[in-house]
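One structure is given below, encoded as structure tokens.
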Amino acid sequence: MLQTGQAMPPPAPSPDGAGTTVDGRSARWEVHREERRRELIKAARRAIHQLGFDSSMEDIAANAGTSKSVFYRYFGDKAGLQQAVGKVVIGQMQATIVAAGKTARTPREGLVNMVTAYLQMAETSPNVYTFVTSPSDAGALPQGELSGFFDAVTAMISEPLRDLLGDADSPLLGYWPTAAIGLVRTAGELWLKTPASRAKPDHRAMAEQMSDWLFDGVGQQVSPAHSNNFNQKEFHD
């Protein structure tokens, strides 16, 4: 116990020896805040899955059992929430897709595996997928996370093209993978929105079809008669 007039002892140095003090309360608060943030992200995913990708912040908060002011405090606005949820969801999808590609013996099989994983995960919750990949209220697409999501697929489909061209420096390497990603995403999202029916292909069949389009082109999948008719057909205004 300090005696009257006795000076306070100097603060204990931090473990790193820098001479600064560690505010235990501040550190505990940061841990608590991060845990709460993760809980809110999980709650938001559940709410969006149940209510729809266009749910309002008020509806998301009510479903999560809290107020929208709490979500605004942690994420700023709906665009901030979208970015936070997207970072988690797209990160999980990317990890799964990369793992699926590594199980393949050939680039073509790798592409089929990766697209299959992509379709399966997107179908798990179409509302959440649409929420994290759609333009925000500010009109900006979360390109940082979304572009990283497709990087692994781009690398996978670049390999067979490099072998076909025999030229690693060909400018075509910069175009075909990008076009392929557009096909995979556009066709995949259209497939996702298509109601279930006997005519709708399953994950694997759709992934194999898209891989056939990318590797072989449409011409290789039609009969010679239909191909000749198409090539000889005249188009008029």
Side-chain angles (χ1 to χ4, degrees), residues 42 44-56 59-60 63 82 85-86 88-136 141-142 145-147 149-150 152-154 156-157 160 176-231 233 235:
K42 289 181 180 179
R45 290 177 65 174
R46 287 194 297 268
I48 294 162
H49 175 77
Q50 296 170 7
L51 304 176
F53 67 89
D54 56 351
S55 303
S56 67
D59 290 339
I60 292 172
N63 187 276
Q82 180 189 30
V85 174
V88 173
V89 173
I90 293 174
Q92 292 172 345
M93 294 182 74
Q94 184 177 3
T96 301
I97 288 171
V98 171
K102 290 180 178 179
T103 64
R105 294 164 295 181
T106 66
R108 185 171 188 143
E109 183 182 357
L111 180 59
V112 172
N113 291 352
M114 295 170 82
V115 175
T116 299
Y118 160 58
L119 295 176
Q120 286 177 324
M121 294 198 70
E123 193 181 37
T124 299
S125 183
N127 284 332
V128 173
Y129 174 84
T130 302
F131 178 77
V132 301
T133 58
S134 298
S136 68
L141 193 67
E145 300 298 335
L146 196 59
S147 60
F149 167 54
F150 286 111
V153 184
T154 300
M156 178 63 70
I157 60 181
W176 187 74
T178 302
I181 291 301
L183 185 150
V184 170
R185 184 179 178 191
T186 304
E189 292 180 357
L190 178 60
W191 174 88
L192 194 64
K193 296 174 183 177
T194 303
S197 69
R198 295 180 61 183
K200 182 179 179 179
D202 61 19
H203 309 101
R204 189 74 180 185
M206 189 65 196
E208 289 176 347
Q209 181 61 78
M210 284 193 277
S211 297
D212 288 344
W213 289 334
L214 292 172
F215 279 84
D216 303 329
V218 176
Q220 298 292 328
Q221 300 180 50
V222 298
S223 66
H226 283 89
S227 180
N228 289 334
N229 289 338
F230 179 82
N231 291 331
K233 184 176 180 179
F235 291 89

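All residue numbers refer to positions in the sequence shown, counting from 1.
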Notebook entry, point to check: Is atom NZ of Lys200 surrounded by more than 12 heavy atoms (other residues, nucleotides or ligands) closer than 6.0 Å?
Noted result: yes

Check: ring-ring contact (aromatic ring centres under 6.0 Å, His included) with His203: which residues, sequence neighbours excluded?
Finding: Trp191

Item checked: Partner set under side chain to side chain contact (heavy atoms under 4.5 Å, CB included) for Thr124, not counting sequence neighbours -> none

Next item on the list: Quick one: list whatever passes salt bridge (charged side-chain N to carboxylate O under 4.0 Å, His left out) with Glu109, sequence neighbours left out.
Entry: Arg105

Note to self: Can you give me the closest heavy-atom contact between Phe131 and Phe53, atom names plus distance?
What the structure shows: CD1-O, 3.3 Å

Next item on the list: With sequence neighbours left out, write down each residue that passes side chain to side chain contact (heavy atoms under 4.5 Å, CB included) with Asp202, or none if nothing qualifies.
Entry: Arg204, Ala205

Note to self: Test of understanding: with side chain to side chain contact (heavy atoms under 4.5 Å, CB included), list the residues that count as partners of Ala179, not counting sequence neighbours.
What the structure shows: none

Next item on the list: Please list, chain by chain and in numerical order, all residues satisfying side-chain hydrogen bond (donor to acceptor under 3.5 Å, both in side chains) with Thr96, sequence neighbours excluded.
Entry: none

Margin query: Going by side-chain hydrogen bond (donor to acceptor under 3.5 Å, both in side chains), name the residues that satisfy it together with Thr116, two or more places apart in sequence or in a different chain.
Written below: none

Check: Mind checking what makes side-chain hydrogen bond (donor to acceptor under 3.5 Å, both in side chains) contact with Asp54, not counting sequence neighbours?
Finding: none

Margin query: Suppose we screen for side-chain hydrogen bond (donor to acceptor under 3.5 Å, both in side chains). Which residues come up paired with Thr194, at least two apart in sequence or across chains?
Written below: none

Margin query: Holding to side chain to side chain contact (heavy atoms under 4.5 Å, CB included), I want the full list of residues that pass it with Thr186, two or more places apart in sequence or in another chain.
Written below: none

